[in-house]
Amino acid sequence: MTWVPNRWYVAAWDSEVDRSPMARTICNERIVLYRKLDRSVVALRDACPHRLLPLSLGFKEGDSIRCRYHGLLVGPDGAAQEMPIKSERVPKAICTQRYPVVERHRLVWVWIGDPERADESLVPDFWPCSAPGWTFDGGYNRIECDYRLVIDNLMDLSHETYVHQGSIGQHEILETPIETRVEEDEVYVSRWMAGIDPPPFWRDALRSSGPVDRWQICQFVAPSSVLIDVGVAPVEAGATLETHDHGVRGFVIDAMTPETERTTHYFWGMARNFDIEDAGFTARFKAQQGQVFDEDVEVLEAQQKAIDMNPDLRLRGFSIDQGSARARQIITRLAAAEGAFAG
Amino acid sequence: MTWVPNRWYVAAWDSEVDRSPMARTICNERIVLYRKLDRSVVALRDACPHRLLPLSLGFKEGDSIRCRYHGLLVGPDGAAQEMPIKSERVPKAICTQRYPVVERHRLVWVWIGDPERADESLVPDFWPCSAPGWTFDGGYNRIECDYRLVIDNLMDLSHETYVHQGSIGQHEILETPIETRVEEDEVYVSRWMAGIDPPPFWRDALRSSGPVDRWQICQFVAPSSVLIDVGVAPVEAGATLETHDHGVRGFVIDAMTPETERTTHYFWGMARNFDIEDAGFTARFKAQQGQVFDEDVEVLEAQQKAIDMNPDLRLRGFSIDQGSARARQIITRLAAAEGAFAG
Amino acid sequence: MTWVPNRWYVAAWDSEVDRSPMARTICNERIVLYRKLDRSVVALRDACPHRLLPLSLGFKEGDSIRCRYHGLLVGPDGAAQEMPIKSERVPKAICTQRYPVVERHRLVWVWIGDPERADESLVPDFWPCSAPGWTFDGGYNRIECDYRLVIDNLMDLSHETYVHQGSIGQHEILETPIETRVEEDEVYVSRWMAGIDPPPFWRDALRSSGPVDRWQICQFVAPSSVLIDVGVAPVEAGATLETHDHGVRGFVIDAMTPETERTTHYFWGMARNFDIEDAGFTARFKAQQGQVFDEDVEVLEAQQKAIDMNPDLRLRGFSIDQGSARARQIITRLAAAEGAFAG
């Protein structure tokens with residue numbers, strides 16, 4: 001196991017889960033997701049307690065699923081409600097595992113671990129995704145790599161220079177010094193570019209000329225999310241690393257959910273506090289982000305293969321890797337505290 | 001090994017084996033099958049005793065095969081008959097394994113185990129497939145699952161209600177009580193539906209109106225066959241569970257041969273004692289059976305994957321699984337008696 | 001490991017390697033090959049010393065490669081030349097493995113093992129490929145089999161009778177006795193056909209009528225090459241097994257490089273001392289050889305699968321296998337001398 005047990009992981013976008021059952025593997029567990037009539041989301045182990053056929057192949061009946069093989073009816077709490085022979089009494093022991101679910105910030109989160117310990121206060125605070133004055137949308141990629149390689153990627157934006165050299169990469173990013181800071185289970189990597197001429201995207205967003213302060217603050221949130229606070233403000237506004245709501249601001253939201261030890265569900269998006277009614281901008285920006293992340297997928301999958309094919313070699317950490325190194329240390333420490341080894 | 005060694009297994013339909021060599025894996029052994037000039041079937045290990053090239057790639061010469069690599073000539077008894085350099089003496093030790101073969105009931109059976117112990121009296125008695133007054137035909141599917149999952153499926157027809165709900169399924173099957181009986185290495189699961197209105201298929205077959213008695217008797221025959229005695233008779237004929245040749249009767253024949261531990265050769269068909277000259281009926285019925293078994297293949301392969309992906313979960317047995325539970329006990333007992341463990 | 005470490009292996013044809021990086025796995029090591037501006041060939045471990053992304057995905061800058069992920073610049077000696085942040089000092093320890101390379105006989109050879117021990121005198125002597133009065137060309141196949149199966153194939157030409165019966169096979173080859181001789185790390189298998197009528201290919205090459213002496217001398221050169229000296233001379237010229245430059249002569253050149261334990265890079269060609277200016281003949285002959293080797297590929301891959309699927313069976317050696325048996329003994333002995341086990 002390479003992840004932290006007893007934590008919330010994003011299972012899906014809210015838009016992906018509907019009344020029909022949907023199968024998804026989360027942290028190596030086969031899970032079926034669906035919405036009840038009251039629209040709340042149910043997550044069950046995707047195996048009938050009778051002969052293990054995936055419940056996701058079954059037939060919905062109200063808020064329950066009838067197994068497609070022999071017709072066992074399983075309720076949204078995982079307990080069997082009707083035997084194949086309907087007149088038979090249902091033994092109490094016949095049930096499938098239920099996973100606690102929280103729907104927050106437009107994402108569906110499932111608790112992987114002991115359900116008794118599920119604690120909603122541990123859901124990462126993606127506040128810009130649901131705050132007034134902000135708008136949010138995003139997409140999904142499945143990547144054939146360890147989820148921690150995606151965290152490495154996002155905690156070190158210097159890779160933009162080469163990986164995204166056809167799109168968002170620029171040499172200035174590599175040349176601005178970074179500051180790394182750990183706060184409990186979070187890591188911050190900050191770049192503050194003072195009095196610069198902003199690139200076209202931010203010039204357009206700001207709708208005014210003149211020099212700006214620009215920031216990129218990558219925040220790792222255990223067990224597997226990265227939020228990147230980005231934006232620009234006119235120099236005269238006096239924005240600081242601590243307070244910078246004077247100009248235009250966005251949050252790149254990244255939730256990396258392990259599917260298996262070698263594959264990752266990658267949920268990404270951007271929240272912003274400008275032009276929030278402009279649906280066309282949202283759609284254009286999402287398409288652009290999708291293209292950038294496709295470039296990452298290509299590199300990350302090649303990196304995973306290279307790691308597997310060169311078992312005698314180890315990843316090295318340079319100064320640019322401080323943020324990801326700290327994030328990995330937190331993952332290892334939290335996993336160990338749960339009795340798991342994420343080496 | 002999940003099967004019983006020292007038993008006969010169906011290798012092919014009689015129509016599949018001809019003069020040209022045909023490769024098939026049976027119980028994890030690579031076998032080449034072909035007919036001699038006298039039309040009897042030969043089964044040899046599909047590996048040249050010289051450099052192991054499959055003999056099935058070779059050239060037939062009379063009743064022998066010449067290896068395509070260096071030309072060793074192997075006879076139908078598995079012994080080498082000619083060296084690559086024809087003038088060289090052939091050492092006695094150079095031979096490939098021969099498997100005992102019996103052709104019976106339109107099927108080709110091979111003996112998997114010690115050839116000295118091959119005993120034709122152990123070939124399962126599929127008597128309706130070759131009895132006068134009966135006709136028989138069938139087909140073949142390769143299924144990516146443990147052969148025992150197919151036995152489970154056939155010993156519990158209650159699955160028809162949901163798996164075959166678009167074709168032969170009906171709720172009445174689930175509602176009729178079953179009776180399970182073990183006789184040595186056989187298991188019988190019987191359903192007797194007295195005085196009912198038969199479904200269209202049987203009404204047409206019987207060619208008369210009025211209430212009928214209807215039966216379904218699933219018979220597991222070790223090591224891996226299931227025969228299902230099905231039919232209807234007018235109530236006034238007085239048919240009983242023991243004697244029911246008063247109306248129209250059929251036998252669904254199912255022979256499940258392990259290819260590997262996770263794949264199965266499935267030979268299926270139906271023998272019947274009515275309209276036996278009607279070749280059109282035979283063809284239509286075979287096509288229909290093929291569609292029904294395609295529905296089973298889909299479920300069985302999904303079940304196998306679910307078993308593999310949920311290693312912490314176990315299959316549960318309900319009352320409807322009595323027959324298959326007994327059949328699995330017999331397989332385990334017989335395998336243990338042969339020194340094998342089919343857990 | 002099934003090969004001899006601390007030896008030269010062919011990595012590529014000279015024509016395959018250019019200024020752009022090319023990835024190839026040699027003896028299970030991932031290697032990137034490219035030419036410097038002075039046209040000499042560089043071979044490095046294909047993994048950036050930073051985060052292991054294949055260097056072959058990177059960008060060439062002069063004679064160096066810049067990693068596509070974070071921009072580490074790696075020189076042709078494997079040492080890092082520039083950090084992602086260009087102003088940072090480059091630590092000495094940051095380098096990737098460099099492989100010694102020799103370009104000889106139109107082939108690019110890499111040293112697999114301890115680079116300190118690389119010894120150019122150990123490059124097999126493919127002298128006809130670069131001698132005056134000779135011409136040479138060839139091709140490449142990737143074969144999914146152990147490289148030793150290809151050596152077996154080439155050290156025993158009796159297989160031509162059956163494998164190549166549609167092209168170059170003929171029964172006479174099987175009927176001429178062979179002589180096998182071992183000289184240190186080389187094995188010779190000789191066939192001398194005195195006073196025969198040559199086949200059309202050699203009749204055309206010789207451009208004269210009358211009986212000829214014909215020879216086929218297979219020479220295994222450790223660790224994994226086979227040269228086959230072939231040709232004909234008029235009987236009256238008095239050619240002998242030792243000296244036979246009186247007629248027309250060719251060398252079939254075969255270099256088998258293990259890619260992995262189950263896959264082989266097969267470099268093949270023919271050098272000849274006749275019609276050496278006739279480029280049309282060269283092209284026609286290469287096309288013909290390609291077809292013949294495709295027939296071998298089919299048999300060799302089927303043999304490898306048969307070996308894997310019949311783990312209880314062993315390869316047998318007949319009199320025709322003397323040459324390959326001796327070659328395998330040499331491989332095993334040399335591997336053992338290097339502390340490796342090629343069983």
Side-chain angles (χ1 to χ4, degrees), chain A residues 1 5 21 23-32 44-61 64-74 78-99 112-113 259-261 263, chain B residues 143 145-146 148-167 169-180 189 191 295-325 327-328:
Chain A
M1 189 185 309
R24 186 158 274 171
T25 297
I26 306 292
C27 297
N28 243 348
E29 312 213 7
R30 318 298 144 174
I31 294 179
V32 53
L44 302 175
R45 177 74 83 95
D46 192 16
C48 175
H50 178 209
R51 310 296 285 182
L52 305 189
L53 193 79
L55 289 170
S56 54
L57 297 178
F59 311 101
K60 280 295 298 294
E61 291 190 10
S64 305
I65 298 188
R66 192 173 293 282
C67 177
R68 188 173 152 205
Y69 202 168
H70 305 89
L72 188 80
L73 187 70
V74 176
Q81 295 177 321
E82 215 173 75
M83 296 292 277
I85 296 175
K86 298 187 183 185
S87 55
E88 289 187 358
R89 201 185 53 79
V90 181
K92 278 246 160 51
I94 299 179
C95 70
T96 193
Q97 186 180 346
R98 191 195 179 177
Y99 298 84
I112 298 299
E259 182 187 54
T260 67
E261 306 225 336
T263 55
Chain B
I143 315 184
C145 75
D146 185 326
R148 295 171 300 184
L149 296 182
V150 192
I151 295 174
D152 293 347
N153 176 289
L154 292 161
M155 290 299 286
D156 167 27
L157 297 186
S158 71
H159 80 269
E160 293 183 353
T161 308
Y162 298 101
V163 177
H164 307 305
Q165 68 176 6
S167 54
Q170 50 183 104
H171 281 273
E172 289 72 14
I173 293 168
L174 264 176
E175 284 156 22
T176 307
I178 55 166
E179 195 191 293
T180 303
V189 175
R191 258 192 196 83
E295 293 170 344
D296 285 312
V297 169
E298 195 186 336
V299 164
L300 289 164
E301 296 190 341
Q303 187 188 15
Q304 179 68 61
K305 275 187 206 152
I307 289 170
D308 292 341
M309 294 195 308
N310 293 284
D312 57 324
L313 301 181
R314 291 284 162 270
L315 301 181
R316 265 207 182 80
F318 292 165
S319 67
I320 55 171
D321 302 302
Q322 296 166 37
S324 60
R328 281 177 177 254

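Every chain is numbered from 1 and lettered A, B, ... according to where its sequence line falls, protein lines coming before strand lines. Every heavy atom of this structure was used, including side-chain atoms; hydrogens, water molecules and symmetry mates were not.
The parts of L52(A) that come within reach of chain B are both its backbone and its side chain, each placing non-hydrogen atoms under 4.5 angstrom from that chain. For chain B, no part of E29(A) is nearby; none of its heavy atoms comes within less than 4.5 Å. Contacts between C48(A) and chain B at a heavy-atom distance below 4.5 Å are absent for every atom of the residue. Only the backbone of L149(B) has a heavy atom closer than 4.5 Å to any heavy atom of chain A. Both the backbone and the side chain of I94(A) have a heavy atom closer than 4.5 Å to some heavy atom of chain B.
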**Message:** One pair to check against salt bridge (charged side-chain N to carboxylate O under 4.0 Å, His left out): D312(B) and R45(A). What are the steps and the verdict?
**Reply:** CA-CA 12 Å; D312(B) 57 324; R45(A) 177 74 83 95; 2.6 Å; yes
**Request:** Please lay out, stage by stage, how R51(A) and D321(B) fare under the test side-chain contact (heavy atoms from CB on, under 4.5 Å).
**Result:** CA-CA 10 Å; R51(A) 310 296 285 182; D321(B) 302 302; 4.2 Å; yes
**Request:** Decide yes or no on side-chain contact (heavy atoms from CB on, under 4.5 Å) for I85(A) and S158(B), but give the supporting numbers first.
**Result:** CA-CA 9 Å; I85(A) 296 175; S158(B) 71; over 6 Å; no
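Checked against a 6.0 Å centroid threshold, the rings of H50(A) and F318(B) count as neighbours.
Nearest heavy atom pair, residue Q303(B) against residue L53(A), reads N-CD1, 3.7 Å. The nearest pair of heavy atoms linking P54(A) to A306(B) is CD-CB, 3.8 Å.
Contact count against chain A (heavy-atom pairs under 4.5 Å) is highest for L315(B) among D156(B), L315(B), L300(B). Heavy-atom pairs under 4.5 Å with chain A peak, among M309(B), R314(B), Q304(B), at M309(B).
Using a 4.5 Å heavy-atom cutoff, the side chains of Y162(B) and H70(A) are not in contact. A heavy-atom distance below 4.5 Å is not found between the side chains of D296(B) and Y69(A).
The pair E298(B)-R68(A) meets the salt-bridge criterion, with a side-chain N (NZ, NE, NH1 or NH2) lying under 4.0 Å from an Asp/Glu carboxylate O.
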